[in-house]
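Everything on this sheet refers to the single structure shown next.
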Amino acid sequence: MNEKSCKLCSNRSSATNFLNDKELKMLEESCVDVKFHKGDVIFRQNALSSNIIFVKSGLVKIHITGPEREQILKIIKGPIYLGIPTTLGDKVNHYSATALMETRVCFISLDSFKDFIASNSDFAYEIITELCKNELGHFDHCVNQVQKQSQGRIAESLCFFAEDIFNELNFSLPLSRQEFGDLTGNSRESVSRILANLNSDGVISLNGKNIEILDMERLRSIRKNG
DNA sequence: GCATTAACCACAG
DNA sequence: CTGTGGTTAATGC
């Protein structure tokens, strides 16, 4: 609750559990808390990156302008680190991050982050573990994206929102049809059509952006086979 | 050939 | 911004 104190912050990362009081104080002094609204860009592709970013709460899309069109790489929900690879991996960002709803973010100075890595191996190990999990997730996602057909990818995303983001079968899609297409590698028209079909087949109940999953069994089956 | 899948275009709310 | 219909190209029986 206390926004000034990292020690008392309820949204802080698991890695910071390995920091002692003195280090937490250091973190506090090298950290700026910023609030973003829906549609605000947190950082932009090709711009210089110089901070470690931690999403305390909210929803963020990570997207990249590819050779053909826009691609949403993933959608993340706080609390989670954002963009460590693009901050440490190169001078400029390889992708953009945009808030999909009200989002609270901490910008942490790269110098203190590096200090923690250098001096606290538990902290470093925790960070590496998170990066590893991310890469594994990307591999799975990549194969699914390439090998499944349209409705399978849509079903996959619907399950993702229900199970990983909202923990609810009934939710409001935080994306336009175009963005949902960018996320699932479909045209916006295909997204409309497939959602309409799932609706008429009774798998989901569709009302604009409001979606309720009625038949999770069939949705899972479409995700698996389609 | 014929069917299926999915993108592109156009047009209407 | 969305939904729908027609068209078209690629792929697979």
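Numbers restart at 1 for each chain; the letters A, B, ... are given by sequence-line order, proteins then strands. Values below: every heavy atom of this structure, side chains too, minus hydrogens, waters and symmetry copies.
Here the CD1 atom belonging to A:Ile154 is positioned 8.0 Å from the OG atom belonging to A:Ser190, to the nearest 0.5 angstrom. Atoms CZ and SG, from A:Arg12 and A:Cys31 in turn, are 12.0 Å apart once rounded to the nearest 0.5 Å. Considering CG of A:Leu110 and CG of A:Asn51, their distance stands at 7.5 Å, rounded to 0.5 Å.
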query: Reading nucleotides 4-13 of chain B 5' to 3', which nucleotides get B (base under 4.0 Å from a protein heavy atom), which S (sugar-phosphate only), which -?
result: --SSBBB---

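A 4.0 Å heavy-atom criterion places the boundary nucleotides of DNA chain C facing chain A at C:dT2 to C:dG6, written 5' to 3'.
The hydrophobic cluster containing A:Ile165 also contains A:Val191, counting ILVMFWY residues as joined when their side-chain heavy atoms lie under 4.5 angstrom apart, directly or transitively. In the hydrophobic cluster analysis, where Ile, Leu, Val, Met, Phe, Trp and Tyr join through side-chain heavy atoms closer than 4.5 angstrom, A:Ile211 is grouped together with A:Ile72.
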task: Show the numbers, then the answer: is there a side-chain contact (heavy atoms from CB on, under 4.5 Å) between A:Phe18 and A:Glu23?
output: CA-CA 9 Å; A:Phe18 295 103; A:Glu23 288 169 322; over 6 Å; no

task: May I have the step-by-step check of side-chain hydrogen bond (donor to acceptor under 3.5 Å, both in side chains) for A:Ser150 and A:Asn186, ending in yes or no?
output: CA-CA 7 Å; A:Ser150 291; A:Asn186 287 301; 2.7 Å; yes

Criterion salt bridge (Lys or Arg N to Asp or Glu O under 4.0 Å) on A:Arg69 and A:Asp182, from CA distance to verdict: CA-CA 8 Å; A:Arg69 53 197 149 72; A:Asp182 293 340; 5.7 Å; no

Report all side-chain donor-acceptor pairs from residues 121-139 of chain A shorter than 3.5 Å, counting only partners two or more places apart or in another chain.
residue	atom	partner	partner atom	Å
A:Glu126	OE2	A:Ser14	OG	3.0
A:Thr129	OG1	A:Tyr125	O	2.8

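Of all the residues in residues 67-75 of chain A, not one reaches under 4.0 Å from DNA chain B with any non-hydrogen atom. Residues from residues 168-184 of chain A placing a heavy atom under 4.0 Å of any atom in DNA chain B do not occur.
A:Glu156 and A:Arg153 are not joined by a salt bridge, as no carboxylate oxygen comes within less than 4.0 angstrom of a charged side-chain nitrogen. The pair A:Glu163-A:Arg220 meets the salt-bridge criterion, with a side-chain N (NZ, NE, NH1 or NH2) lying under 4.0 Å from an Asp/Glu carboxylate O.
Across A:Leu214, A:Asp215, A:Ile213, a single residue satisfies side-chain contact (heavy atoms from CB on, under 4.5 Å) together with A:Ser205, and that is A:Leu214.
Around the CZ atom of A:Arg44, the shell of radius 6.0 Å holds no more than 12 heavy atoms that belong to other residues, nucleotides or ligands.
Between A:Phe43 and A:Tyr95, the ring planes are tilted. Angles from 30° to 60° get that label.
In the helix from B:dG1-C:dC13 to B:dG13-C:dC1, the rotation axis of the first five pairs and that of the last five pairs differ in direction by 0°, rounded to 10 degrees.
Under a 3.5 Å cut-off, the side chain of A:Glu102 and the backbone N or O of A:His37 do not form any donor-acceptor pair.
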